[in-house]
Amino acid sequence: MLTLTNKKNRLALLLGVACISPALAGPDEGFKVQAGLGYFHDNNLFRLPESWPAFDGQRSDSARQATVGLLFDKRYSLQNISAQAKLTKVKFDHFKQLDYDGKDAQFNWAWEIGSKFSGNLGSMVAQTLAPYTDFRSDQRNLRKQRRNNFDGGWRMHPSWRVRGGVASDKYTYELPVQRVNNRTEDTYETGIDFLPRSGNTFGVVARKIKGRYQNRRPVGGASLDDSFDQDELKARVLWRGSGSTSVQALAGYAKRENPGLGRDVSGFNGRLTAMHEPRGKMRYTAALWREFSPIESNVVSYSLNKGASLAATYVATAKVRADASLGYEKRGYNARTALSQPQDLDDSLKTAQLSASWAPRRSLDVTAAFARQSRSGSPFLGLGNFKANTVSINANVRF
């Protein structure tokens with residue numbers, strides 16, 4: 001079930017690059033043990049503008065990480081069970097107060113009953129270092145996410161399917177100043193799909209999202225509740241234009257009610273993704289979106305993001321591949337008080353990534369990556385523009 005926010009459940013860019021792992025070969029059924037070692041260097045770890053003083057006189061840092069985990073994937077007749085549990089220890093060279101133990105546990109049951117009923121039951125827990133993109137600190141800020149979800153569909157006719165689902169996400173933050181972002185998001189959805197013989201899908205989805213913040217946010221001597229309710233009515237499309245091109249879309253109308261802001265926002269909201277996989281070694285993906293997204297800021301809780309991305313994959317051989325991507329996102333914020341310069345409510349993020357992966361054996365892969373991130377800056381958030389580069393190398397083995 002697709003959720004509202006771009007839950008990219010994002011790691012910080014610095015860790016996301018360090019943990020890139022190529023999908024050159026899928027895991028065999030049954031239990032697998034996974035172990036990995038990684039290294040990354042970031043030249044602007046805390047995403048500081050050039051005009052701002054560095055923490056402890058230093059902007060860059062390097063870190064080493066070690067990962068161990070269990071993987072499980074097995075099909076039992078119509079049922080497929082998959083699970084993983086991983087522990088990661090990360091140690092920094094200079095800012096040792098950031099050292100942490102990461103956790104990642106996931107479970108999913110893709111279930112089927114006969115030929116008409118199917119869906120997923122899942123749960124996950126993840127703990128990692130939150131990004132420093134939108135607040136200024138040199139202290140460790142661990143973010144923990146817990147998610148439980150269930151969705152199912154009934155194929156009541158060869159050409160029609162009724163769908164529904166529920167999901168609950170809970171986010172908690174370690175750093176006291178960031179606990180204003182502690183929240184739960186409960187999502188409920190229902191819909192119907194038309195399934196023609198062409199293999200395409202055309203449907204309608206109605207969704208309700210309830211976001212509840214545990215702590216009030218101090219703003220100008222007051223304390224405000226950032227809780228929200230969001231209602232959506234969207235079209236869901238999966239169109240296979242040819243054997244090599246497909247388009248996915250989930251887009252329509254959304255209304256977000258924020259009592260703490262004293263106003264509601266509404267309008268077009270959605271995401272469009274196109275994939276092109278011609279015969280040969282190249283694959284392409286492009287995406288456009290306009291959607292609400294949470295922000296790990298001390299000042300605001302969410303923004304309306306408009307963005308685009310382009311990615312390409314070159315599969316040189318069965319063992320070697322390269323990936324490249326570019327992304328641009330403009331973020332708009334809602335002020336709680338009148339401002340004399342409305343243009344200060346926008347900023348933008350640009351990202352670029354390049355990685356090369358080598359899998360000399362089915363059970364072993366090595367990835368080297370480079371990433372660049374920049375922000376234009378937002379006076380409203382009290383944040384300036386920055387640029388940051390990250391290089392990493394990561395190796396994983398499964399046995």
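Just so it is clear, the model here is predicted, and its values are computed rather than measured.
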Kindly say whether [Y] contributes a backbone atom to a donor-acceptor pair with the side chain of [X] at under 3.5 angstrom?
X: Ser376; Y: Ser348; value: yes
X: Asn269; Y: Ala254; value: no
X: Arg59; Y: Pro49; value: yes
X: Arg75; Y: Ser77; value: yes
X: Thr190; Y: Arg163; value: yes
X: Asn43; Y: Thr390; value: no
X: Asp61; Y: His94; value: yes
X: Thr317; Y: Lys319; value: yes
X: Gln97; Y: Asp138; value: yes
X: Ser355; Y: Ala368; value: no

Looking at Tyr173, is Arg179 sitting on its ring face, NZ or CZ under 6.0 Å from the six-membered ring centre and within 45 degrees of the normal?
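Ring-cation test returns no.
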Would you verify whether the NZ or CZ of Arg256 falls within 45 degrees of the ring axis of Phe228 while also being under 6.0 Å from that six-membered ring's centre?
yes
Audit row: Trp111, Phe150, side-chain contact (heavy atoms from CB on, under 4.5 Å) steps and yes/no:
CA-CA 11 Å; Trp111 58 269; Phe150 174 81; 3.6 Å; yes
Between the side chains of [Y] and [X], is the shortest nitrogen-to-carboxylate-oxygen separation below 4.0 Å, so that they form an ion pair?
X: Arg331; Y: Glu329; value: no
X: Arg271; Y: Glu291; value: yes
X: Arg217; Y: Asp226; value: yes
X: Asp99; Y: Lys89; value: no
X: Asp365; Y: Arg398; value: yes
X: Glu189; Y: Lys234; value: no

Indicate if Val180 and Tyr213 have the same hydrophobic cluster label, given that clusters are the connected sets of ILVMFWY residues with side-chain heavy-atom separations under 4.5 angstrom.
no
Tell me whether the rings of His276 and Tyr284 are parallel (<30°), tilted (30 to 60°) or perpendicular (>60°).
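Judged by the thresholds at 30° and 60°, the geometry between His276 and Tyr284 is parallel.
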Is the closest side-chain heavy-atom distance between [X] and [Y] below 4.5 Å?
X: Lys86; Y: Gln34; result: yes
X: Gln214; Y: Lys170; result: yes
X: Glu232; Y: Ile209; result: yes
X: Lys103; Y: Leu142; result: no
X: Arg207; Y: Asp231; result: no
X: Phe202; Y: Arg236; result: no
X: Thr351; Y: Tyr328; result: no
X: Val366; Y: Asn396; result: no

[atom1]-[atom2] distance between [X] and [Y], expressed to the nearest 0.5 angstrom:
X: Asn258; Y: Leu224; atom1: CG; atom2: CG; result: 11.0 Å
X: Thr133; Y: Leu383; atom1: OG1; atom2: CG; result: 9.5 Å
X: Met275; Y: Ser244; atom1: CE; atom2: OG; result: 12.0 Å
X: Ile81; Y: Tyr76; atom1: CD1; atom2: OH; result: 7.5 Å
X: Lys144; Y: Gln127; atom1: NZ; atom2: CD; result: 5.0 Å
X: Asp134; Y: Leu349; atom1: CG; atom2: CG; result: 7.0 Å

Could you walk me through whether Tyr333 and Ser378 satisfy the side-chain hydrogen bond (donor to acceptor under 3.5 Å, both in side chains) test, starting with their C-alpha distance in whole Å, then the side-chain angles of each, then the deciding distance to 0.1 Å, before giving a yes or no?
CA-CA 10 Å; Tyr333 312 100; Ser378 170; 5.1 Å; no
Run the salt bridge (charged side-chain N to carboxylate O under 4.0 Å, His left out) test on Arg47 and Asp42 for me, step by step, so that the C-alpha distance in whole Å, both residues' side-chain angles and the decisive distance to 0.1 Å come before the verdict.
CA-CA 10 Å; Arg47 303 303 186 249; Asp42 193 297; 3.0 Å; yes
Residues which pass side chain to side chain contact (heavy atoms under 4.5 Å, CB included) with Trp239, listed by chain and number, not counting sequence neighbours:
Asn200, Val237, Val247
Just to verify, what does Lys387 make a side chain to side chain contact (heavy atoms under 4.5 Å, CB included) with, not counting sequence neighbours?
Arg372, Ser374
Return yes if a side-chain donor-acceptor contact under 3.5 Å exists between [X] and [Y], otherwise no.
X: Thr172; Y: Asn182; result: no
X: Ser137; Y: Tyr132; result: no
X: Gln84; Y: Asp104; result: yes

Least distance between heavy atoms, Phe92 atom then Phe95 atom
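For Phe92 and Phe95, the tightest heavy-atom pair comes out as CB-O, 3.5 Å.
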Go through Asn80 and Asp73 one step at a time and tell me if the side-chain hydrogen bond (donor to acceptor under 3.5 Å, both in side chains) criterion holds.
CA-CA 7 Å; Asn80 192 90; Asp73 190 355; 3.3 Å; yes
Non-neighbouring partners of Arg161 that pass salt bridge (Lys or Arg N to Asp or Glu O under 4.0 Å), sequence neighbours left out
Asp193
Residues that Asp229 engages under salt bridge (Lys or Arg N to Asp or Glu O under 4.0 Å), provided they are two or more places apart:
Arg212
If you group Ile, Leu, Val, Met, Phe, Trp and Tyr whenever their side-chain heavy atoms sit less than 4.5 Å apart, what else falls in with Val33?
Leu70, Leu364, Val397, Phe399
Decide salt bridge (charged side-chain N to carboxylate O under 4.0 Å, His left out) for Arg64 and Asp93; before the verdict, give the C-alpha distance in whole Å, the side-chain angles of both, and the deciding distance to 0.1 Å.
CA-CA 8 Å; Arg64 293 162 179 79; Asp93 289 347; 2.7 Å; yes
Using the rule given for side-chain hydrogen bond (donor to acceptor under 3.5 Å, both in side chains), can you reason through Asn108 versus Asn120, listing the C-alpha separation, both sets of side-chain angles and the distance that settles it, and then say yes or no?
CA-CA 7 Å; Asn108 189 75; Asn120 289 276; 3.1 Å; yes
Please step through side-chain hydrogen bond (donor to acceptor under 3.5 Å, both in side chains) for the pair Asn148 and Ser123, ending with a clear verdict.
CA-CA 4 Å; Asn148 296 296; Ser123 183; 2.8 Å; yes
Contacts satisfying ring-ring contact (aromatic ring centres under 6.0 Å, His included) that involve residues 55-75 (not counting sequence neighbours) are Phe31-Phe72, Phe46-Phe55
